[in-house]
Amino acid sequence: MDVTQRIPSPQHGNATAKERPCAFIYDRHATTSTAILGIRLDRCRAYAQSRGWEIAGIWLDLGDHALGHYRPQFEALCVAMDTATDPAVCLVDNWDRLTRNAAQSADMRRRIGHAGGHCETAEGESDSTAEEARGRLCTPQ
């Protein structure tokens with residue numbers, strides 16, 4: 001598997017797929033050994049499958065891009081989420097796969113929210129409840 005590029009999944013044209021969220025799998029990986037990356041991606045695929053989600057694709061920031069603030073594949077994922085017609089979930093193995101920096105993580109999750117999605121981990125954690133609560137705080141009743 002060439003892990004340097006976005007890996008598209010086949011498109012399904014049935015009506016039930018439109019009712020299910022699409023998983024936009026994201027990871028970052030700085031080292032040249034990809035064994036653990038493969039394990040994380042397999043967990044994400046299995047989690048999406050267990051939920052009945054279609055996988056929209058896999059976006060990977062590698063090497064220096066995995067460590068810095070500039071994440072070209074994450075930005076490409078957000079653009080793809082923004083154009084999606086189905087509910088969108090940015091699926092990561094765990095929260096550290098976005099970043100270990102709390103402020104940057106909040107910014108990245110906010111960006112996902114602006115693209116119309118929410119973030120969830122293969123461990124079952126989700127920020128969708130927090131995003132919905134924030135929306136209720138800002139929306140007059």
Side-chain angles (χ1 to χ4, degrees), residues 1-139 141:
M1 174 175 76
D2 179 4
V3 296
T4 61
Q5 298 181 28
R6 174 186 170 290
I7 304 163
S9 91
Q11 297 299 314
H12 301 285
N14 60 26
T16 58
K18 294 294 181 193
E19 300 165 5
R20 298 181 289 180
C22 281
F24 292 72
I25 298 174
Y26 176 76
D27 207 321
R28 63 187 184 90
H29 193 76
T31 65
T32 56
S33 172
T34 59
I36 191 69
L37 173 62
I39 291 168
R40 291 192 307 258
L41 293 176
D42 286 345
R43 280 195 295 248
C44 287
R45 285 186 197 100
Y47 184 81
Q49 182 178 12
S50 75
R51 299 283 208 199
W53 296 346
E54 181 179 351
I55 297 175
I58 298 173
W59 288 261
L60 304 171
D61 278 310
L62 303 173
D64 290 341
H65 291 300
L67 301 173
H69 287 282
Y70 176 63
R71 304 277 179 85
Q73 290 301 304
F74 178 79
E75 290 303 318
L77 175 144
C78 290
V79 168
M81 287 180 91
D82 196 35
T83 62
T85 57
D86 298 330
V89 178
C90 175
L91 180 59
V92 293
D93 184 57
N94 60 62
W95 294 125
D96 283 351
R97 300 329 313 148
L98 288 174
T99 181
R100 289 189 173 102
N101 178 292
Q104 186 179 10
S105 179
D107 287 342
M108 292 174 83
R109 290 198 245 171
R110 194 169 16 261
R111 175 72 174 95
I112 290 165
H114 286 275
H118 75 276
C119 197
E120 196 159 326
T121 73
E123 298 169 349
E125 299 171 299
S126 175
D127 66 2
S128 68
T129 307
E131 289 298 319
E132 290 168 5
R134 275 193 287 277
R136 284 192 301 274
L137 290 173
C138 299
T139 306
Q141 299 279 337

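Heavy atoms only: backbone and side chains are in, while hydrogens, waters and symmetry mates are out.
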Quick one: does [X]'s side chain get under 4.5 Å of [Y]'s, heavy atoms only?
{"X": "D86", "Y": "P21", "result": "no"}
{"X": "F74", "Y": "I112", "result": "yes"}
{"X": "C90", "Y": "E120", "result": "no"}
{"X": "V92", "Y": "D27", "result": "no"}
{"X": "W95", "Y": "R100", "result": "no"}
{"X": "L60", "Y": "L37", "result": "yes"}
{"X": "L98", "Y": "C119", "result": "yes"}
{"X": "F24", "Y": "V89", "result": "no"}

To check you understand the geometry: which heavy-atom pair defines the closest contact between [X] and [Y], and what is its length?
{"X": "C78", "Y": "A115", "value": "O-CB, 3.5 Å"}
{"X": "L91", "Y": "T121", "value": "CD1-C, 3.8 Å"}
{"X": "M81", "Y": "A88", "value": "CE-CB, 3.5 Å"}
{"X": "A66", "Y": "A30", "value": "CB-N, 3.9 Å"}

Return yes if a side-chain donor-acceptor contact under 3.5 Å exists between S128 and S126, otherwise no.
yes
Just by distance, no angles: are the side chains of D64 and Y70 close enough, under 3.5 Å, to form a donor-acceptor pair?
no
Identified side-chain hydrogen bond (donor to acceptor under 3.5 Å, both in side chains) counterpart of D107 within the set R110, R109, R111, Q104:
R110
N/O donor-acceptor pair under 3.5 Å between S105 side chain and A102 backbone:
no
Can a donor-acceptor pair be found, under 3.5 Å and without considering hydrogens, that links the side chain of H29 to the backbone of S33?
yes
Output yes when R43 and E123 qualify as a salt bridge under the 4.0 Å nitrogen-oxygen rule, no when they do not.
no
Is any NZ, NE, NH1 or NH2 atom of the basic residue among R97 and D93 found under 4.0 Å from an Asp or Glu carboxylate oxygen of the other?
no
Could I get the full list of side chain to side chain contact (heavy atoms under 4.5 Å, CB included) partners for D42, not counting sequence neighbours?
R45
Taking atom [atom1] of [X] and atom [atom2] of [Y], what is their separation to the nearest 0.5 Å?
{"X": "L41", "Y": "T34", "atom1": "CG", "atom2": "OG1", "value": "9.5 Å"}
{"X": "E75", "Y": "Q73", "atom1": "CD", "atom2": "CD", "value": "10.5 Å"}
{"X": "L67", "Y": "N101", "atom1": "CG", "atom2": "CG", "value": "12.0 Å"}

Test: R28 cationic atom under 6.0 Å from W59 six-membered ring centre, within 45° of axis
no
Report the residues that fulfil side chain to side chain donor-acceptor pair (under 3.5 Å) with D82, sequence neighbours left out, ordered by chain and then residue number.
none
Does E125, at its CD atom, have more than 12 non-hydrogen atoms belonging to other residues, nucleotides or ligands within less than 6.0 Å?
yes
